[in-house]
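Below is one structure, written out as structure tokens; comments come after it.
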Amino acid sequence: MVSFMRCHNSDCAMFSDSRDAPSKVGWIPSLPIRFGFPQKDLQLSMKPTSPIHTFQVCHVMEPNQNNWLRSGWIQRQAAQRVYVEMRFTLRDCNSIPWVSGTCKETFNLFYLQTNEPLPAATRFRPSDYSKVDTIAADESFTQTDLGDRVLRLNTEVREVGPVTQNGFYLAFQDVGACIALVSVKVFYKRCPSTLRNLASFPDTVPHMDSSSLVEVRGACVENAEERDTPKLYCGADGDWLVPLGHCICSIGHEEMDGFCGACNPGFFKAIAGNTKCSKCPLHSSSHDQAGTLCHCDKGFYRALKDPTTMACTRPPSAPRNLVSLINDTALFLRWMPPSDLGGRKDITYNVLCQRCDGSDGDGMTQCEACEPDLRFIPRALGLTGTSVAILDFASHTNYTFHVEAMNGVSGLVLSALNRMNCLFCGNIKCIPKSQLLFIIFDCFARLQEQEQLSYSSTRTKSTSVVVTGLRPSTVYVFHVRARTAAGYTAYSSNFEFETAADGMNVKEWELRSVVYSVSNGHTVSVLTFCLPVPFSGIKTYVDPDTYEDPTQAVEEFAKEIVPSYICIERVIGAGEFGEVCSGYLRIPGRMDISVAIKTLKGGYMDQHRRDFLREASIMGQFNNPNIIRLEGVVTNSRPVMIVVEYMENGALDSFLRTRDGQFTVLQLVGMLRGIAVGMTYLSDMGYVHRDLAARNILVDENLVCKVSDFGMSRVLEDDSEAAYTTTGGKIPIRWTAPEAIAYGKFSSASDIWSYGIVMWEVMSYGERPYWEMSNQDVILSIDEGYRLPAPMGCPVTLHQLMLHCWQKEWSQRPRFNEVLSFLDKLTINPSSLLTLVNDVQSYSHSPEELPDYPLFISIGDWLDSIKMSQYKNNFLAGGYTTLDSISTMSIE
Ligand code: ADE
């Protein structure tokens, strides 16, 4: 029989077992606690087979009972509100004879808070304890029959506290009842860790004050991203309430049982959201888990504006059944649509014409474009119908017409041979369309005195023209257009030049022509334009720092814009001086222009304002399709703003990172070409950029790349890549030539080095140059001759060009105009881009081991370069058509 130990204001902290020697059994000091009291076996009628240990007391006959049972020290842990659940039986006094007056039907619950357990020898003092409550039974048991006791178990729960110290003791006081305490559970409530709306919420203890909720912020599960901050509130009863916000599965992942699982191979998800992964559209596949895009199968393509959910398509087959009908003055061509439209509806046709007059001395036919002499109705290019009328033929002339079908992905295909279709009007050979487009027949340069109606024009078959007889102190405007087999190109943008009063620069101009292949998403078209270039040696860029008052430079080179003409739409970024926004420039009477607006934040100092506007006074001096165009400035009101043309695709590095692997080599070369055009212009102007990097190139909606970020050519404060060198300068080490790092020798040759790095960034889709190497390691390894290897899938020719740009000796690096003409040659000869570095064994990565003539890709180029052009025909006649074959040539 176990009884509560009787205590008289004294040492009854423990209990004793009448069978055993007195023992100390503390309570398990952790929460929540469930335990019985391991003292006395009592067969409960509910579970007769499992013995239950209880504490019992039943001194109902004796008056003035005061028996205590005390727990061990219980650590509070995280609990704010503590609960005690007591399970007990209590005998009804009426059922016991002769006890009236002494028998009780309640017991008391007490507690004592302490920060530490009391020393073992501490005397028990009931007066230290605070009463929680008097506990009475809901049910009592009556001994109806000694052999068949009916036992009713009571469960009572009380809240103890508030408990603010580190732990506490519980104590039970009996004042003369017949009780069996079966179990005591001490616990606190908490909201259990849970997942809700793709966010996980940790175990949370409710607030001490039951009327306030605990706000808990959830963390998005793996591969999910936050939309509205996910939140739950933990209530006093341990229930989660009021779910707010949510997370969504990232690209390549979909919701599965409250988590975000990867899309299976063959499926993709291009946008974050709680939609399912979609099956790859027709003619595309994804081979890995978590596909964000399905790559087109071989021979199929996706145009820039095609949604990722659209099937991949291919160029159409050739138009069919081309027929001609001739009357006295006109030729009518009619054809049928291709049998295979390539899976697209945006089919158009180009009618290309050649006039071939006899043959030259070698028996080769001499051909030239028929346009502009012929008239095409409705037009020659971009026809949506299947017929055309052609007028104004010259007599006694053979004409050859090619009708080609194009669609939105034709521009993405290197070879156009499969689309050639010819109509013979004479006996000349068909020329594959891909070659035909790039033949420039001649250039027309038009020179006009500014604001005069009359102009003079010059036609030249060479790529330059000399203009003489210009008047002093006169503004002239040049435009140039070229004639190719595809017809006339548009005129180049105006190039204005003012002749000096003393006639010093009056004498001549050189017009250079280049071929420009543009993929606009629908056709591969050819723009040819000629660049007027002032005599070499004339520095046309004026450094704003040379002005005594730099605001004069701003006034001179930048237009002041009326602030109310600027409509700001949204913030797109943050610069060193303030926010960058996008919006419109709405000048009355003119079309709206999309613009980016750089603002100077308030509270600036004069020096900040000057540094900020310095960029505008530099940019305002440039006028080139591959240099970001300055629209104007706002300097007379606040905020001070610089307004430039808006580039839809933002910075080139991040643009490429998000479009990994999605462009053809020809498209990437097109981007590099644009940058080279811009840099050729800048270097011709005598401007050194110093921070040429993909992050400082902006990309428009047609993939045209433009050089930007001019303000920093002196300070480089805004570039997070710029680091201080030992000489105190701040330099973007990975992009900068060794001589510029070592002793500050910045020049167009050091810009060329940076251009090589940009080439590498482009061909690797925005990879970080030298990856995670430290700046110091980069400097050391460059000094030891190490150079970046070719990115995956990079044509050999392009990597060789990079290595040329990274020659240690700056004078041996190519010039920007040479880079440009090299890229043009690659564009015209797409087959030169087909050999990838991975295909070539023992490929050198060092500029020292470059072949002597890596930039010349045809025999003709090579002979031109060594001034032996007159032998071209002999070489060709001898069967020497590649540079490789020359290396096997004997002296004979
Ligand atoms: N970020 C900085 N300048 C920009 C521009 N001109 N267009 C788009 N984004 C830009």
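These numbers were taken from a predicted model, which means no experiment stands behind them. Both ligands and their constituent atoms are indexed starting at 1 by order of listing.
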(message) Counting only heavy atoms closer than 4.0 Å, does ligand 1 sit against the backbone of Leu698, its side chain, both, or neither?
(response)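 It is the side chain that touches ligand 1; the backbone stays farther off.
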(request) Determine whether the side chain, the backbone, both or neither of Glu645 has a heavy atom under 4.0 Å from any heavy atom of ligand 1. (result) backbone
Minimum-distance protein heavy atom relative to [atom]:
| atom | result |
| --- | --- |
| atom 2 (C) of ligand 1 | Val580 CG1, 3.9 Å |
| atom 8 (C) of ligand 1 | Met647 O, 3.1 Å |
| atom 5 (C) of ligand 1 | Ala596 CB, 3.4 Å |

(message) At less than 4.0 angstrom from any non-hydrogen atom of Ile572, what atoms of ligand 1 do you find?
(response)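 Within the 4.0 Å cut-off of Ile572, ligand 1 contributes 9 (N), 10 (C).
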(request) Can you sort out which atoms of ligand 1 are near Val644, meaning under 4.0 Å from one of its heavy atoms? (result)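 Close to Val644: 6 (N).
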Kindly say whether [Y] contributes a backbone atom to a donor-acceptor pair with the side chain of [X] at under 3.5 angstrom?
| X | Y | value |
| --- | --- | --- |
| Glu560 | Asn636 | yes |
| His799 | Leu788 | yes |
| Lys269 | His253 | yes |
| Arg813 | Ala749 | yes |

(message) For Trp735, does the six-membered ring have the charged nitrogen or CZ of Arg695 within the cation-pi criterion, i.e. under 6.0 angstrom from the centroid and within 45° of the normal?
(response)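 Geometry flag: set, cation within 6.0 Å and 45°.
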(message) Applying side chain to side chain contact (heavy atoms under 4.5 Å, CB included) to Met685 and Asn624, what does each step give before you reach the verdict?
(response) CA-CA 11 Å; Met685 293 275 285; Asn624 181 276; over 6 Å; no
